[in-house]
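Here's the structure, in structure tokens; my notes come after.
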Amino acid sequence: MESADLLVLNFARGLAREVGLLAKRRIGNLGWTHNKSGFYDIVTDADLEVEKVVKSEISNVFAGDSILGEETGETKTSSNGRVWIVDPIDGTTNFSKGIPHFCVSIALVVDGTPRVGVVYDPYMDELYEAVKGNGAFMNGEPINVSKISELKEAILNTGYQYSAAEYRDIVLKNYVAFFGKVRAIRVFGSAVLDQCYVANGRIDGFWEYNLKPWDVAAGSLIAKEAGATIIGIGEDFSIYGKTILVTNSSLVDKVLEIVNKR
Ligand code: 2AM
Ligand code: CA
């Protein structure tokens, strides 16, 4: 691994742990919960506080880089092609009710491609990380996608946002279409952890529509480095696209066939 990548990785590890634990401490003391686009789309003071700390620490150490955060947008257009993409708390709806399934997601994207990704789940004390071309790790141990090749043995995960009414019909149609064909479908509520769970083989596949770069920048790199196949649905996959399907190479066609049946 190049020493510049190691520097970024070490920095992102420390930062993700620090703010993940900060978020955990704020459970039970969230401050205000604000509505964004509707009563189902919320942000807490804790999300804003975490994003502020993350942005401030990144800009202190990597002054020339741009930072894109879910809650406060992009700081500037950098001239060096480097953008940090941050979700201060992925799984805010869980977080806001004290459901212990959320994470901090930090990625460094260089010229549009994720180069370093770190995700920290403070309740499980699980730190996921990947540097492009160097594999994926959880708490320092290599992780790999599952070897499940039959739909009937697969546990899949999906997610959806109530704010995205245009996807309502397809979300429900997919859910029904998988019924009886897979072992289970779960909706855990954190797109980033869903990708990490594909990476470590806890689940066998994940798909979602209407995502944003901070939902996929770190998670998709971690999954890819763990051996996942990642595609878009009806589009090429890009962290700037809207859709993702993450699974292993044996399941991808079988899952896609059902997801595509409209
Ligand atoms: P969040 O908790 O950071 O908001 C739920 O299906 C997943 O979708 C979560 O990862 C959630 O991230 C994300 N999400 C929720 N609302 C969203 C929106 N309006 N746009 C993009 N992603 C969203
Ligand atoms: Ca968030």
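Order of listing sets the numbers, starting from 1, for every ligand and every atom in it. Numbers here are sequence positions counted from 1.
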Counting from 1, what ligand 1 atoms have a heavy atom of [X] closer than 4.0 Å?
X: Gly189; value: 9 (C)
X: Asp87; value: 3 (O)
X: Gly159; value: 6 (O)
X: Glu70; value: 3 (O), 4 (O)
X: Ile89; value: 3 (O)
X: Gly91; value: 1 (P), 2 (O), 3 (O)
X: Lys212; value: 20 (N), 21 (C)
X: Thr92; value: 2 (O)

### Task
Flag yes if more than 12 heavy atoms outside Asn60 fall under 6.0 Å of its CG atom; otherwise flag no.
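Enclosed.
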### Task
Can you establish whether the number of heavy atoms outside Lys52 located under 6.0 Å from its atom NZ is more than 12?
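Not more than 12 within 6.0 Å, no.
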Considering only protein heavy atoms, which is closest to [atom], and at what distance to one decimal place?
atom: atom 19 (N) of ligand 1; answer: Ser163 OG, 3.7 Å
atom: atom 12 (O) of ligand 1; answer: Asp90 OD1, 3.0 Å
atom: atom 7 (C) of ligand 1; answer: Glu208 OE2, 3.6 Å
atom: atom 14 (N) of ligand 1; answer: Gln161 CG, 3.5 Å
atom: atom 22 (N) of ligand 1; answer: Asp215 OD2, 2.8 Å

### Message
Do Tyr128 and Leu6 land in one hydrophobic cluster if side-chain heavy atoms of ILVMFWY residues count as linked below 4.5 Å?
### Response
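No, separate clusters.
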### Message
Taking only non-hydrogen atoms of Asp47, do any sit less than 4.0 angstrom from ligand 1?
### Response
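Outside the 4.0 Å threshold, so no.
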### Query
By atom name, which N, O or S atom belonging to Glu70 lies closest to the Ca ion (ligand 2)?
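Going through the N, O and S atoms of Glu70 one by one, OE1 ends up nearest to the Ca ion (ligand 2).
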### Message
Suppose we only allow N, O or S atoms; which atom of Asp87 ends up nearest to the Ca ion (ligand 2)?
### Response
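For Asp87, the N, O or S atom at the smallest distance from the Ca ion (ligand 2) is OD1.
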Out of curiosity, [X] [atom1] to [Y] [atom2], how far, rounded to the nearest 0.5 Å?
X: Leu9; Y: Ser3; atom1: CG; atom2: OG; answer: 12.5 Å
X: Lys55; Y: Leu68; atom1: NZ; atom2: CG; answer: 7.0 Å
X: Trp207; Y: Asn174; atom1: CH2; atom2: CG; answer: 5.5 Å
X: Ile239; Y: Ile85; atom1: CD1; atom2: CD1; answer: 4.0 Å

### Message
Any nitrogen or oxygen of Val192, side chain or backbone, less than 3.5 Å from one on ligand 1?
### Response
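Looking only at distances, the answer is no, because the N/O contact criterion of under 3.5 Å is not met.
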### Message
Determine whether Phe62 and Phe11 satisfy the following criterion, ring-ring contact (aromatic ring centres under 6.0 Å, His included), listing intermediate values before the conclusion.
### Response
CA-CA 10 Å; Phe62 299 95; Phe11 167 81; 5.1 Å; yes
### Task
Report yes or no: does Asn139 contribute a side-chain atom to a donor-acceptor pair with the main-chain N or O of Asp125 at less than 3.5 Å?
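Judged by distance alone, yes, a pair lies under 3.5 Å.
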### Message
With no hydrogens and no angle check, just 3.5 Å: does a side-chain donor-acceptor pair link Asn248 and Asp204?
### Response
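Note: Asn248 and Asp204 side chains miss the donor-acceptor criterion.
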### Side-chain donor-acceptor pair present, Asp47, Thr92, cut-off under 3.5 Å
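The answer is yes; a qualifying pair exists.
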### Side chain, backbone, both or neither: the part of Phe102 lying under 4.0 Å from ligand 1 by heavy atom
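No part of Phe102 comes within reach of ligand 1.
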### Message
Under 3.0 Å from the Ca ion (ligand 2), is there any N, O or S atom belonging to Pro88?
### Response
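Checking Pro88: none of its N, O or S atoms is under 3.0 Å.
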### Query
Do the charged groups of Glu2 and Arg115 touch, with an N to O distance under 4.0 Å?
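The answer is yes: the pair qualifies as a salt bridge.
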